[in-house]
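Here is the structure we will look at.
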There are 2 protein chains.
Amino acid sequence: MSGGVEWGLHCCVVLSGSGEPVPAAKLAEFHDVSPSYLAKQLQLLSRAGLVRSTQGQSGGYGLTRPPAEITVLDVVEAIDGSRPAFRCTEVRRRGPLAAPPEKCLTPCSIARVMDAADRAWRESLRAVTIADLAGEVGRTSGPETLARARAWLQT
Amino acid sequence: MSGGVEWGLHCCVVLSGSGEPVPAAKLAEFHDVSPSYLAKQLQLLSRAGLVRSTQGQSGGYGLTRPPAEITVLDVVEAIDGSRPAFRCTEVRRRGPLAAPPEKCLTPCSIARVMDAADRAWRESLRAVTIADLAGEVGRTSGPETLARARAWLQT
DNA sequence: GCTATTGTACTCGGATACTCCATGTCCGAGTGCGCACGG
DNA sequence: CCGTGCGCACTCGGACATGGAGTATCCGAGTACAATAGC
């Protein structure tokens, strides 16, 4: 999985509840990561419609939806793509004993197992929202943590 | 995910129930894939202890355990490695508002979510065995399919 | 004092190099089988 | 006819090239704000 997913999730968490747009450079400095590369991840989030960008002075990024309506899966798919990790190459239809096409109406059993696992993974990620993550941060690191982060981002 | 996982699974299925060892070259010809590259995947399976290799004439690969005791997850981890796809880089401990170490006793909430999804994925793969896959092949492509494949591999 | 205009500084967006891992390949080490030879 | 030794062909195992995707970066297009000039 792309390492940018982690950055994108952290950005969405700190953006949750931030009324004012936050520039990408600020987010990069706050997380101490490469500004140029983080910009690319934010562009991916923008293309997916998760964040909205406003240009010009006092511009930046902001969430388009309430944090409770953005799932972790949304962010992962926006940055890493929505294609499943496993792609069946139809091995059964190759080689000297290739299966005839009329017997390949159903997907390969291996592909079915992989697809089921992929669905389980996605369901697990779909069950958690950005709001859940923000709440968890407040519970483990103290309720004032997020507020201070947002205040710092406004400066 | 590595494409070799698919090859490894197909090999394990056709090896299930095959008493005689099967050379890697035969497996490659049967599946119509690169012999050299398939050899590498089989070496990974051998290192993981899923298959046993015998050298010399009439040598080859064979399963070390009954097919019902080899899970799909075993094969996936043998080839792709057992490390989780997501690795937390502890972003919360960086930047101007870095969290102090005493507040980082529990893992990052993002890492926890990713870890839970990873476990769900692995559990799903662990629930299916090579024997299940072989049975499914017999059900969808006809019971004689696997027997003919094994017979061809013996030639 | 209010408004239109112009300039500027700041923002994002896409096009551009670089690096590392997955892919693909090759040849050498090791071993079991078969044959020839001797008893 | 049987046992033993040798040679060989076949097997795996690890070391060696290649390509593409992820990583990281830069500069240009566009826009909102603010200062300024005119009314």
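Heavy atoms only: backbone and side chains are in, while hydrogens, waters and symmetry mates are out. Predicted, not measured: the structure shown is a model, and the values here were computed from it. Throughout, protein chains are lettered first and strands after them, A, B, ... in sequence-line order, and every chain is numbered starting at 1.
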Pairs under 3.5 angstrom only: tabulate donor-acceptor contacts from the side chains of residues 100-114 of chain A to other protein residues two or more places apart or in another chain.
| from | atom 1 | to | atom 2 | distance (Å) |
| --- | --- | --- | --- | --- |
| A:K103 | NZ | B:S141 | O | 3.1 |
| A:R112 | NH1 | A:P107 | O | 2.7 |
| A:R112 | NH2 | B:E136 | OE2 | 3.0 |

Taking distance alone, no hydrogens or angles, what donor-acceptor pairs closer than 3.5 Å link side-chain atoms of residues 147-155 of chain A to residues at least two apart or in another chain?
| from | atom 1 | to | atom 2 | distance (Å) |
| --- | --- | --- | --- | --- |
| A:R150 | NE | A:S16 | O | 2.8 |
| A:R150 | NH2 | A:S16 | O | 2.4 |
| A:R150 | NH2 | A:S16 | OG | 3.3 |
| A:Q154 | NE2 | A:S18 | OG | 3.3 |
| A:T155 | OG1 | A:W152 | O | 2.5 |

All N/O pairs under 3.5 Å across the protein-nucleotides 7-11 of chain C interface:
| from | atom 1 | to | atom 2 | distance (Å) |
| --- | --- | --- | --- | --- |
| C:dT11 | O4' | A:G56 | O | 3.2 |

What N/O pairs connect the protein and nucleotides 14-18 of chain C at under 3.5 Å? Give each pair on its own line.
| from | atom 1 | to | atom 2 | distance (Å) |
| --- | --- | --- | --- | --- |
| C:dG14 | OP2 | A:R47 | NH2 | 3.1 |
| C:dG14 | N7 | A:Q43 | OE1 | 3.1 |
| C:dG14 | N7 | A:Q43 | NE2 | 3.4 |

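The stretch residues 79-95 of chain A has no heavy atom under 4.0 angstrom from DNA chain D at all. In the region residues 10-18 of chain B, proximity to DNA chain C at under 4.0 angstrom, judged on heavy atoms, holds for none of the residues.
Taking atom CG on B:L38 and atom P on D:dG13, their separation rounds to 12 Å, with Å as the unit.
Of the candidate nucleotides C:dT23, C:dG13, D:dA24, C:dG13 has the atom lying nearest to any side-chain atom of A:S53. For B:S46, the side-chain atoms get nearest to D:dG13 when compared with the rest of D:dG13, C:dG13, C:dG24.
Residue pairs meeting the side chain to side chain donor-acceptor pair (under 3.5 Å) criterion with at least one member in residues 80-99 of chain A, sequence neighbours excluded, are A:T89-B:E6, A:E90-A:R92. The side chain to side chain donor-acceptor pair (under 3.5 Å) analysis of residues 41-56 of chain A, with sequence neighbours excluded, yields the pairs A:Y37-A:Q41. Pairs passing the ring pair (Phe, Tyr, Trp, His ring centres under 6.0 Å) check and including a residue from residues 53-75 of chain A, sequence neighbours excluded, do not occur. Screening residues 69-79 of chain A for salt bridge (Lys or Arg N to Asp or Glu O under 4.0 Å) gives A:E77-A:R122 as the qualifying pairs, with residues at least two apart or on separate chains.
For the side-chain contact (heavy atoms from CB on, under 4.5 Å) test, no residue two or more places apart in sequence or in another chain qualifies with B:S58. Shown here are the side-chain hydrogen bond (donor to acceptor under 3.5 Å, both in side chains) partners of A:S2, two or more places apart in sequence or in another chain: there are none.
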